[in-house]
Amino acid sequence: MHRSKERPTDKSITPPVPPVPPISSAPSGSPDPSGSSDFLQLNIAEAPAGGRSDWLARELRCAIADGRLPVGSRLPATRVLAAELRVSRGVITEAYQRLTEDGQLAGRRRAGTVVVAAPVTATAGATASSTEISTARAPARATSSFTVRGTARATDAAPAVHRDRPTTPFAAPPGPEIFDELRTAPARIDLSPGLPDLSAFPRAAWLRAERAVLAGLASTELGYGDPRGTPALRLAVANWLARNRGIRAEPDEVLIVSGTAQALGLIAQVLHRDGIRETAVEDPGSLGAQQHLRHWQQATPPVPVDEHGIRVDALRGSGARAVLLTPAHQFPTGVVLDGGRRRELMRWAADGGLIIEDDYDAEHRYDRAPAPALRSLLADQVCYAGSISKLLAPALRVGWVLAPPRYRTALADAKRFADLGNAALPQLVLARLMESGELERRLRLLRRRHRQRRDAMIAAIRAQLPGATVHGAAAGLHLTITFAPDVCRGSDTDLAAAALARGVKVQPLSWHRQLPAAPGLVLGYAARTPGEITEGVAVLGEALKGG
């Protein structure tokens with residue numbers, strides 16, 4: 001998808017020095033200051049004083065018992081987990097040692113610490129305990145806000161295809177081809193959201209994994225396979241989600257798709273056949289996602305987002321039976337759906353609503369604890385979609401969907417008749433990278449690099465755009481800035497056009513809105529160097545002044 005993952009109160013009039021989300025005082029590349037880890041959604045704040053090793057050992061036993069850590073799973077290195085949780089390495093070593101003495105873990109030298117045994121059956125009590133723990137983990141309060149103003153509802157009709165569009169992408173309302181036009185528009189510095197650092201793609205690791213896969217591949221595996229995906233990747237995805245997003249799912253529940261874009265298309269088709277013709281969307285929210293839903297005949301009524309996330313009262317008022325959300329890092333504002341709104345949303349879903357959860361960049365976070373996936377709390381009412389695009393590269397076109405039971409067969413059928421399934425070889429290579437721990441290593445590298453680039457963009461905005469308010473800087477691959485009316489007197493599309501004329505590519509915030517509100521820009525930083533970011537923001541300052 002085209003996106004690019006916090007809350008001082010948003011003001012309609014910004015002061016000369018704008019409020020900016022607090023940036024960690026730790027140097028770039030330092031451990032997460034929140035003392036939390038994506039691994040099993042661990043948060044050291046939950047550990048009792050003086051009992052951290054006991055707490056960690058209990059968490060690991062619970063994860064092994066309920067299947068989040070199946071036999072063969074590799075645990076993080078002790079030094080890595082200690083750095084993420086901000087504890088001494090001895091705390092981690094002691095917890096691992098206890099499970100080793102129990103016979104559940106074993107050290108495998110270069111292979112690390114591996115789960116070698118699990119209870120024959122996970123008791124109902126263990127499963128319930130794990131669910132209660134996951135439910136109790138509310139997302140940390142973020143440090144950026146975004147206030148949505150205006151109540152006029154825009155038309156739900158799909159935009160017409162413009163066959164003779166002007167040469168500049170900003171000269172007319174965005175049509176279905178707008179992102180292709182913007183992508184091919186020449187620019188010296190591209191600050192479009194939605195891309196990781198593609199130069200960091202692990203080419204050597206990919207080639208090693210591909211050679212290993214080909215060496216052991218039976219000739220029969222080169223034929224047509226299961227349209228739902230290869231068993232190896234579906235297992236690897238289930239294990240990845242258990243380790244990093246707190247989601248427990250069987251491999252048979254995983255459907256491999258060609259990215260989140262295809263996931264939305266398949267879901268829209270299935271909902272339409274089920275009589276659901278409206279999918280509410282966040283406002284502001286991804287224009288690309290809205291376009292995919294409308295293409296498959298889903299109306300997209302807008303629901304405002306504020307500093308706590310989507311307004312569930314407005315969702316109820318829309319009358320929509322389904323909603324598309326980005327709860328871990330709302331696109332584009334960066335707001336995290338807070339605990340109160342999550343409870344309201346669960347009540348809405350319990351009344352028959354369906355949540356489509358787009359977990360597009362939840363792994364990329366810098367200054368806050370991980371936010372639990374909604375799917376981990378409400379599996380039967382959440383259709384969960386994720387992909388590898390923000391972690392490796394969009395060009396791989398690999399994603400996954402976990403559907404509620406009532407839609408699982410229909411989605412698999414839709415995938416079958418769409419393309420008979422994704423290419424098998426890239427799936428097998430990706431599965432090997434996931435299970436080897438290579439993706440976790442890459443994520444740690446990217447976090448350090450992205451944090452540096454995020455910091456460079458914040459500093460440049462402070463220096464060059466003093467009238468801008470920053471939103472969503474604690475996570476993700478992009479941030480959003482808004483302007484008071486006296487700072488940006490024209491439209492944000494005019495500002496984006498002026499920046500492009502000067503060689504800098506950005507997205508206007510109004511592209512992602514259906515409701516009227518303050519002008520702004522969505523700026524990606526992950527794919528650019530700090531020097532390019534500083535130069536690009538300086539050009540935005542010139543464009544804003546009209547100089």
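Closest non-hydrogen pair, L354 versus P404, comes out as CD1-CG, 3.9 Å. Residues A385 and T260 share a closest heavy-atom pair of CB-CG2, 4.4 Å. Between L195 and P394, the closest heavy-atom pair is CD2-CG, 3.8 Å. Contact between L446 and H364 at its shortest, heavy atoms only, is CD1-CE1, 4.1 Å. Closest heavy-atom contact between A362 and A328: CB-CB, 3.9 Å. Closest heavy-atom contact between D313 and E344: N-OE1, 4.4 Å.
The aromatic rings of Y360 and F331 stand perpendicular to each other, their planes meeting at an angle above 60°, with 30° marking the opposite boundary.
With salt bridges taken as basic N to acidic carboxylate O contacts below 4.0 Å, one links R454 and D367. Salt-bridge check for E440 with R243: passed, with a basic side-chain N closer than 4.0 Å to an acidic carboxylate O. Residues D38 and R365 are paired through a salt bridge, judged by an N-O separation under 4.0 Å between the basic side chain and the carboxylate. Taking a cutoff of 4.0 Å between a charged side-chain nitrogen and a carboxylate oxygen, R342 and D338 do not qualify as a salt bridge. Under 4.0 Å is where a charged nitrogen must lie from a carboxylate oxygen, and between D359 and R375 no such pair does.
Considering CG of L392 and CE of M434, their distance stands at 8.0 Å, rounded to 0.5 Å. Expressed to the nearest 0.5 Å, how far CZ of R321 lies from CG of D351 amounts to 13.0 Å. R528 CZ to L523 CG: the interatomic distance, rounded to the nearest 0.5 Å, is 13.0 Å. The line from CG of L411 to CD of Q269 is 9.5 Å long, rounded to the nearest 0.5 Å. Distance CD1/I310 to CG/L337: 8.0 Å, rounded to 0.5 Å. The CD atom of E253 sits 4.5 Å away from atom CZ of R408, with the distance rounded to the nearest 0.5 Å.
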Derivation and outcome, salt bridge (Lys or Arg N to Asp or Glu O under 4.0 Å), residues R453 and D197: CA-CA 10 Å; R453 297 176 179 189; D197 183 4; 3.5 Å; yes

CA sep, side-chain torsions, deciding dist, call: L509, T482, side-chain contact (heavy atoms from CB on, under 4.5 Å): CA-CA 8 Å; L509 179 58; T482 53; 3.9 Å; yes

Derivation and outcome, side-chain contact (heavy atoms from CB on, under 4.5 Å), residues E278 and S318: CA-CA 10 Å; E278 283 192 331; S318 74; 5.9 Å; no

Steps toward side-chain contact (heavy atoms from CB on, under 4.5 Å) verdict (R68, C62): CA-CA 8 Å; R68 285 176 291 156; C62 182; 3.7 Å; yes

Test side-chain contact (heavy atoms from CB on, under 4.5 Å) applied to V323 and W348, step by step: CA-CA 11 Å; V323 62; W348 174 83; 3.7 Å; yes

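Remark: the backbone N or O of P304 is not paired with any side-chain donor or acceptor of R311 at under 3.5 angstrom. A donor-acceptor pair under 3.5 Å links the side-chain atoms of H512 to the main chain of L287, judged by distance alone. Of the possible donor and acceptor atoms, one in the side chain of H478 sits under 3.5 Å from a partner among the backbone N and O of P332. Remark: side-chain polar atoms of R245 are not paired, donor with acceptor, to backbone N or O of E363 under 3.5 angstrom. For D283 (side chain) and R513 (main-chain N/O), no donor-acceptor pair under 3.5 Å exists by modelled atom type. A donor-acceptor contact shorter than 3.5 Å links the side chain of Q381 to the backbone of G353. The closest donor-acceptor contact from the side chain of Y525 to the backbone of R451 lies at 3.5 Å or more, if one exists at all. Within the 3.5 Å criterion, the main-chain N or O of H272 finds a donor-acceptor partner in the side chain of R277. Judged purely by atom type and a 3.5 angstrom limit, Q427 has no side-chain atom pairing as donor or acceptor with the backbone of L233. Remark: the backbone N or O of P227 is not paired with any side-chain donor or acceptor of K415 at under 3.5 angstrom.
Side-chain contact between N244 and L439: absent, with no pair of heavy atoms (C-beta onward) separated by less than 4.5 Å. Between L271 and W296, the closest side-chain pair of non-hydrogen atoms is not below 4.5 Å. Contact annotation: the side chain of Q291 approaches that of I178 to within less than 4.5 Å [non-hydrogen atoms, C-beta and beyond]. Using a 4.5 Å heavy-atom cutoff, the side chains of R316 and R347 are in contact. Looking at heavy atoms from C-beta onward, L60 lies in side-chain contact with L75 at the 4.5 angstrom threshold. Between M457 and L191, the closest side-chain pair of non-hydrogen atoms falls below 4.5 Å. Counting only heavy atoms from C-beta outward, the side chains of F39 and V80 never approach each other to under 4.5 Å. Side-chain contact between P284 and Q514: absent, with no pair of heavy atoms (C-beta onward) separated by less than 4.5 Å.
Between the side chains of Q290 and T300, no donor-acceptor pair of N or O atoms lies under 3.5 Å. Judged by distance alone, the side chains of D358 and T326 never bring a donor and an acceptor atom under 3.5 Å apart. N239 and E435 are linked by a side-chain donor-acceptor pair at a separation below 3.5 angstrom, with hydrogens and angles left out of the test.
The ring pair (Phe, Tyr, Trp, His ring centres under 6.0 Å) check on W240 picks up nothing, with sequence neighbours excluded. For R52, there are no salt bridge (Lys or Arg N to Asp or Glu O under 4.0 Å) partners, not counting sequence neighbours. For D190, the side chain to side chain donor-acceptor pair (under 3.5 Å) partners at least two apart in sequence or on another chain are S192.
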